[in-house]
Amino acid sequence: MLVGAFAAARADGGVLVGRVTNGAIPAASAGQGTVRAINPKTGVIASSGDVRRNGTWVMRVPNGVYTVLARIVRLHGTPQTAITPFVRVRGSKPKQVTVSLKRKRAPKVRRAAAKELNGLPIRTPGAPIVAVRYLTGPPPNHLGRGLADLLITDIVQGDPRCTPTVVEWERRAEVIAEIELSNSRFGDPATRIPRGRMLQPELFIEGSLTEAANGSISWAIQLRDAKTGKIVGGDATTLPPNGDFFEAEQQLAGRLLDQICGGTYDINVNLRTDANFATHTSSGNLNATLTATGAKTGTTPPRIFNATTTTSYQDVTWASKTDCTYATEPATLGTIGFTLTITPGGLLHVAWTGSGQLKTLGTVTCPANPNPPAVIPGQPGPSLLLPTPQEFDLPVDGGQQTVGGGFTDGGDGWIHSGTIIIRRLPPG
């Protein structure tokens, strides 16, 4: 792993390699250690990585000045945090760094120069600047804070299709304290940081986490537009007792990345309509596939998605209750439309409609006079009348909704049965 990192670093930067000391690293089933390299000029987390059981870690970073923040998250117990003085990466030669868990924060100094700094990060075009807030919850809320730290690591590592820029938020004061120390009379003049301004987030990841008495863990995550305050995504999950918390967190990070970087939903409508009348019965299937797309506002993910398609009933069958015979007339095309909206509560609100043209007509031929028998068109077959529900909520990532309803009068009419399945598509 180290050889690969060193080789890759020669092209566009260097390597930070080090060890976390003065503290135990928990086993994988009991906790996880992470490190992140923070650019003090911008607040951007340039890289992140996991800490092995022996305390070692490695990160590839662009050339520049960084402080390394280590975070040890425990499934049961208080997290530990440590921060290093600034280190400078130049060229491909690995830079050795030791992170002592005894160094909780930068020492206080009597005077300070720059408060916040400026710089331009390298990021995926169109991806927002993201910050992760600690999740709220009942005290001591160790896991709420720990989940946020683990999300930072996995989102910084990103997805091949999208890597958003992530800025340090909850520990930003400690980075600024390091800047003050570096720029004070106690600091090395070679590590002084120029004045400027840290990048501000465009999208917050926030929410809450609770632990139940039976050992289950639930979280409700929101993606919040930092400018408007609107919820543009999220995730709600309950992990059963003895579930793998750390595996669940990685899956959560993947779902959030899909929402941060993606902008489409796959919709599948699968309905059967049964028609019943005094003279005949008829059944047909209505199947449609749609892709709902949303428009971004700047770099903020969309919160409204729309889709329409034309379709018709297929596989229509008829059964006569008399000695007459029925046959399907040529299919008529109708429209199905969907509007998906991410609600302030972080759910996906679905509203859909079907046009009045979504119906099937048949012809009837009876052997009685006149001779030859007349063929009478316009006999009612399956029609999309009053399906229910036409509005419902799902998790932001999608789900399945059972559809029923219809219209009957005196035993005659239409009955619907089927499902609507909605799935968030990954970006790419």
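Sequence positions, counted from 1, serve as the residue numbers for this chain. All values reported here derive from a predicted model rather than from experimental measurement.
In this structure, Arg88 contributes its side chain and Val65 its backbone to no donor-acceptor pair below 3.5 Å. With Thr84 contributing its side chain and Val68 its backbone, the two residues share a donor-acceptor pair below 3.5 Å. A donor-acceptor pair is defined here as one N or O able to donate and one able to accept, closer than 3.5 Å; no such pair exists between the side chain of Thr419 and the backbone of Ile421. Distance alone, capped at 3.5 Å, places no donor-acceptor pair between the Gln390 side chain and the Thr353 backbone. No donor-acceptor pair closer than 3.5 Å links the side chain of Gln250 to the backbone N or O of Asp154. Distance alone, capped at 3.5 Å, places no donor-acceptor pair between the Thr273 side chain and the Pro382 backbone. At distances below 3.5 Å, not a single donor-acceptor pair connects side-chain atoms of Asp409 with backbone N or O atoms of Asp412. In this structure, the side chain of Thr136 engages the main chain of Gly207 through a donor-acceptor pair within 3.5 Å. Counting only distance, with no hydrogens or angles, the side chain of His416 and the backbone of Leu385 share a donor-acceptor pair below 3.5 Å.
Remark: Asp397 pairs with no residue by the side-chain hydrogen bond (donor to acceptor under 3.5 Å, both in side chains) rule, at least two apart or across chains. By the ring pair (Phe, Tyr, Trp, His ring centres under 6.0 Å) test, Tyr313 pairs with no residue at all, sequence neighbours left out. Applying the side-chain hydrogen bond (donor to acceptor under 3.5 Å, both in side chains) rule to Asp266 yields the partners Asn268; only residues at least two apart in sequence or on another chain are considered. Under the rule for a side-chain hydrogen bond (donor to acceptor under 3.5 Å, both in side chains), the partners of Thr328 that lie at least two apart in sequence or sit in another chain are Trp318.
With rounding to the nearest 0.5 angstrom, the CD1 atom of Ile267 is 5.0 Å from the CD1 atom of Ile422. Rounded to the nearest 0.5 Å, atoms CG (Leu16) and CZ (Arg60) are 12.0 Å apart. Distance check: Leu239 CG to Gln251 CD gives 9.5 Å after rounding to the nearest 0.5 Å. If you take CD on Glu168 and OG1 on Thr42, they are separated by 11.0 Å, rounding to the nearest 0.5 Å. In this structure, CG in Asp315 is found 11.0 Å from CG in Leu286, a value given to the nearest 0.5 Å. For the atom pair CZ (Arg19) and OG1 (Thr56), the distance works out to 6.0 Å, reported to the nearest 0.5 Å.
Residue Pro62 comes nearest to Tyr66 through the heavy atom pair O-OH, 2.7 Å, listed as atom of the first residue, atom of the second, then distance. Listed here is the closest heavy atom pair of Thr238 and Ser218: OG1-OG, 3.0 Å. Between Thr291 and Ala307 the shortest heavy-atom distance is O-CB, 3.5 Å. The minimum heavy-atom distance between Val99 and Ala82, with the atom names listed, is CG1-CB, 3.8 Å. Taking every heavy atom of both residues into account, Ile231 and Arg303 meet most closely at O-NE, 3.7 Å. The two residues Pro164 and Val130 have their closest heavy-atom pair at CB-CG2, 4.0 Å.
By the 4.0 Å N-to-carboxylate-O rule, Arg171 lies close enough to Glu174 to be salt-bridged with it. Using a 4.0 Å cut-off between a side-chain N of Lys or Arg and a carboxylate O of Asp or Glu, Arg133 and Glu170 do not qualify as a salt bridge. Here Asp50 does not pair with Arg52 in a salt bridge; the nearest charged N to carboxylate O distance is not below 4.0 Å.
Among pairs with a residue in residues 386-396, none fulfils salt bridge (charged side-chain N to carboxylate O under 4.0 Å, His left out), at least two apart in sequence or across chains. Within the structure, the ring-ring contact (aromatic ring centres under 6.0 Å, His included) test picks out no pair touching residues 130-157 (sequence neighbours left out). Within the structure, ring-ring contact (aromatic ring centres under 6.0 Å, His included) contacts touching residues 197-222 (residues at least two apart or in different chains) are Trp169-Phe204. Pairs engaging residues 62-77 under the salt bridge (charged side-chain N to carboxylate O under 4.0 Å, His left out) rule: Arg71-Asp149 [sequence neighbours left out]. Identified under the salt bridge (charged side-chain N to carboxylate O under 4.0 Å, His left out) test for residues 230-241, with sequence neighbours left out: Asp235-Arg255. Applying the ring-ring contact (aromatic ring centres under 6.0 Å, His included) test to every pair with at least one member in residues 231-258, sequence neighbours left out, gives no pairs at all.
In this structure, Val58 and Val15 have side chains that are in contact, with non-hydrogen atoms separated by less than 4.5 Å. Inter-residue side-chain proximity for Gln259 and Val232 is flagged as unmet; no heavy-atom pair is nearer than 4.5 Å. Put simply, the side chain of Ile205 reaches to within 4.5 Å of the side chain of Ile221, judged on heavy atoms.
Counting heavy-atom neighbours within 6.0 Å of Asn214 CG, excluding the residue itself, gives a total above 12.
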Please tabulate, one pair per line, all N/O donor-acceptor pairs under 3.5 Å involving side-chain atoms of residues 23-30, not counting sequence neighbours.
none

Identify every side-chain donor-acceptor pair in residues 331-344 under 3.5 Å, counting partners at least two apart or on other chains, and give the distances.
unit_1, atom_1, unit_2, atom_2, d
Thr332, OG1, Gln357, O, 3.1
Thr332, OG1, Lys359, O, 3.0
Thr339, OG1, Asn306, OD1, 3.0
Thr343, OG1, Gly345, N, 3.3
Thr343, OG1, Gly346, N, 3.4
Thr343, OG1, Leu347, N, 3.0
Thr343, OG1, Leu347, O, 3.4

### Query
Is there a ring-ring contact (aromatic ring centres under 6.0 Å, His included) between Phe277 and Trp414 once you walk through the steps?
CA-CA 9 Å; Phe277 296 95; Trp414 298 266; 5.4 Å; yes
